[in-house]
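Note on naming: letters A, B, ... go to the chains in the order of the sequence lines (proteins, then strands), and numbering restarts at 1 for each one.
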There are 2 protein chains.
Amino acid sequence: MQSQDLKKAGLKATLPRVKILNFLESSKVRHMSAEDVYKAMLESGDDVGLATIYRVLTQFESVGLVTRHHFEEGHSVFELNLGEHHDHIVCIKCGRIDEFYDATIEKRQREIAAKNGFEMTDHALCIYGVCPDCRDQK
Amino acid sequence: MQSQDLKKAGLKATLPRVKILNFLESSKVRHMSAEDVYKAMLESGDDVGLATIYRVLTQFESVGLVTRHHFEEGHSVFELNLGEHHDHIVCIKCGRIDEFYDATIEKRQREIAAKNGFEMTDHALCIYGVCPDCRDQK
DNA sequence: AACGTAATGAGAATTTTTCGCATCTTGAGT
DNA sequence: ACTCAAGATGCGAAAAATTCTCATTACGTT
Ligand SMILES: [Mn+2]
Ligand SMILES: [Mn+2]
Ligand SMILES: [Zn+2]
Ligand SMILES: [Zn+2]
């Protein structure tokens, strides 16, 4: 039940929050914009204001329920946080997003941060390229 | 002379372009927003419209004179391209930006792209953290 | 069930970036 | 140097994404 997840995260289990979390958990698409969520709410008849979508996604981010990405300038992309950190590889032709985790890179990043005297809090690695499908068809 | 660099890049050596390129080359700050460039133009008395700043920076990017970054949501950051690729480590307290290059990470990225069948065209790695100065003073 | 606090919705406002178009430059040709 | 067309600029309007304001509503605790 989403209500419990919300309470556990210290958030009131309001209808909009439950609906949004439910949608994020049931969607097969893992990475989506606020607008994507908004449209999905409209289609399912669950009217939630766009401002609320933004507020809720931001709150979800601050309690760790979702992660926000900036793959391309212009808009944020959100993803339900399933616990395992990973980075992304994005197709510049079709927008397909693959995920990966590389221990070597993770380790080097920590070393680099330390070497520069930074206390690392986060990092974002995004590889851009042309996916197998898009390469074939041209 | 900036005019030559512009011609070499296939761009007309217009006054706004020369002024902007000149500013980018002479500034001690390497990473700046369109607004930063705009304000600098105003201060130096070289009036260049903001729309032109955006147009020129985008053109500079497409001919490889500058690189555009999306360190944080909300606005692009531009940097004069000096030839050597590098990644960034950004202080979340003061905004300080350090640069680094790590051959191991670069290599792993190429391997990951290949393993996923992607033809890599670009990548962006940004480490976020608290810089030495900001750690000390608190 | 009642209440105080926090959340929502709708639209206005912001912020960043792009567009449209009349006017002005640049650079090639003379 | 002079002319001219293509391309560039400036300005304000327009877009696009996100945040804010504030009156109204919903939680969840009593
Ligand atoms: Mn992901
Ligand atoms: Mn840099
Ligand atoms: Zn693709
Ligand atoms: Zn700092």
What string of B, S and - do you get for nucleotides 9-15 of chain D, 5' to 3', when a contact is any protein heavy atom under 4.0 Å? BBBB---
Just distance, no hydrogens or angles: give the donor-acceptor pairs under 3.5 Å from side chains in residues 35-43 of chain B, sequence neighbours left out.
unit_1: B/D36; atom_1: OD1; unit_2: B/S33; atom_2: OG; d: 3.3
unit_1: B/D36; atom_1: OD2; unit_2: B/S33; atom_2: N; d: 2.9
unit_1: B/D36; atom_1: OD2; unit_2: B/S33; atom_2: OG; d: 3.1

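Regarding A/Y54, its OH atom lies at a distance of 4 Å from the P atom of D/dT18, rounded to whole Å.
Of the residues in residues 64-76 of chain A, those placing a heavy atom less than 4.0 Å from an atom of DNA chain D are A/G74, A/H75, A/S76, in numerical order.
For the ring-ring contact (aromatic ring centres under 6.0 Å, His included) condition, the pairs that include at least one residue of residues 82-109 of chain B, sequence neighbours left out, are B/H31-B/H88, B/H69-B/H88, B/F71-B/H88, B/H85-B/H123, B/H86-B/H88. Sorted pairs that involve residues 3-14 of chain A and meet side chain to side chain donor-acceptor pair (under 3.5 Å), not counting sequence neighbours, are lacking altogether. The salt bridge (Lys or Arg N to Asp or Glu O under 4.0 Å) analysis of residues 14-29 of chain A, with sequence neighbours excluded, yields the pairs A/K19-A/D46. Listed by first then second residue, pairs satisfying salt bridge (Lys or Arg N to Asp or Glu O under 4.0 Å) with a partner in residues 77-87 of chain A read A/R30-A/E79, not counting sequence neighbours.
Partners of B/D47 according to the side chain to side chain donor-acceptor pair (under 3.5 Å) rule, which considers only residues two or more places apart in sequence or in another chain, do not exist here. The salt bridge (Lys or Arg N to Asp or Glu O under 4.0 Å) test applied to B/K107 returns B/E111, not counting sequence neighbours. Every residue meeting the side-chain contact (heavy atoms from CB on, under 4.5 Å) condition with B/K93, not counting sequence neighbours, appears here in chain and number order: B/C91, B/V130, B/C134.
Direction of the helix axis in the helix from C/dA1-D/dT30 to C/dT30-D/dA1 shifts by 30° between the two five-pair termini, rounded to 10°.
Side chains of B/R55 and B/T58: no donor on one and acceptor on the other come within 3.5 Å.
First and last contacts of DNA chain C with chain A, using any nucleotide atom under 4.0 Å from a protein heavy atom and ordered 5' to 3', fall at C/dT5 to C/dG11.
When the nearest nucleotides of DNA chain D are assigned to A/T58 and A/K7 by heavy-atom distance, the more 5′-ward of the two goes with A/T58.
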